[in-house]
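Data block below; observations after.
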Amino acid sequence: EKKSLIQITIEQHGEVFYIYNKEDKTFMAQGKNKKELEGALSARFPGKKFAASEEELQKAGLMS
């Protein structure tokens with residue numbers, strides 16, 4: 001069974017945020033804001049939850 005919690009890393013290039021799987025470094029989604037990123041992730045990975053370090057989330061302005 002695949003884990004329902006995926007550890008991610010967030011990179012910012014210009015105005016766009018890129019999300020990668022922390023374990024295998026595969027690209028997962030991109031977006032310009034929290035809403036776009038959440039939409040892209042939930043569309044590609046339904047039923048999954050994602051976790052990043054608080055520092056990365058704050059740096060990307062994605063803390064709620």
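Here, residue 1 is the first one in the sequence, and each next residue gets the next number.
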Quiz item: Distance-only, no hydrogens or angles: does the Gln12 side chain make a donor-acceptor pair with backbone N or O of Gly14 under 3.5 Å?
Solution: yes
Self-check item: Any donor-acceptor N/O pair, Glu36 side chain to Lys32 backbone, under 3.5 Å
Solution: yes
Quiz item: With sequence neighbours left out, what residues match Phe17 under ring pair (Phe, Tyr, Trp, His ring centres under 6.0 Å)?
Solution: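 Partners of Phe17 under the ring pair (Phe, Tyr, Trp, His ring centres under 6.0 Å) test: none.
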Contact summary for [X] and [Y], nearest pair of heavy atoms:
X	Y	answer
Thr9	Glu56	CA-OE1, 3.4 Å
Met28	Ile6	CE-CG2, 3.9 Å
Ala29	Arg44	N-NH1, 4.2 Å
Lys25	Tyr20	O-CD2, 3.7 Å
Leu57	Ala52	CD1-O, 3.9 Å
Gly31	Leu37	N-CD2, 3.3 Å

Quiz prompt | For Glu11, all residues meeting side-chain hydrogen bond (donor to acceptor under 3.5 Å, both in side chains), sequence neighbours excluded | solution = His13
Exercise. Let me see the working for Ile8 and Asn21 under side chain to side chain contact (heavy atoms under 4.5 Å, CB included), right down to the final yes or no.
Key: CA-CA 5 Å; Ile8 59 171; Asn21 184 310; 5.8 Å; no
Exercise. State the CZ-OG distance between Phe45 and Ser4, to the nearest 0.5 angstrom.
Key: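 Interatomic distance, Phe45 CZ to Ser4 OG, rounded to 0.5 Å: 14.0 Å.
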Quiz prompt | Atom pair NZ (Lys49) and OG (Ser42), whose distance is rounded to the nearest 0.5 Å | solution =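 Here the rounded value is 11.0 Å.
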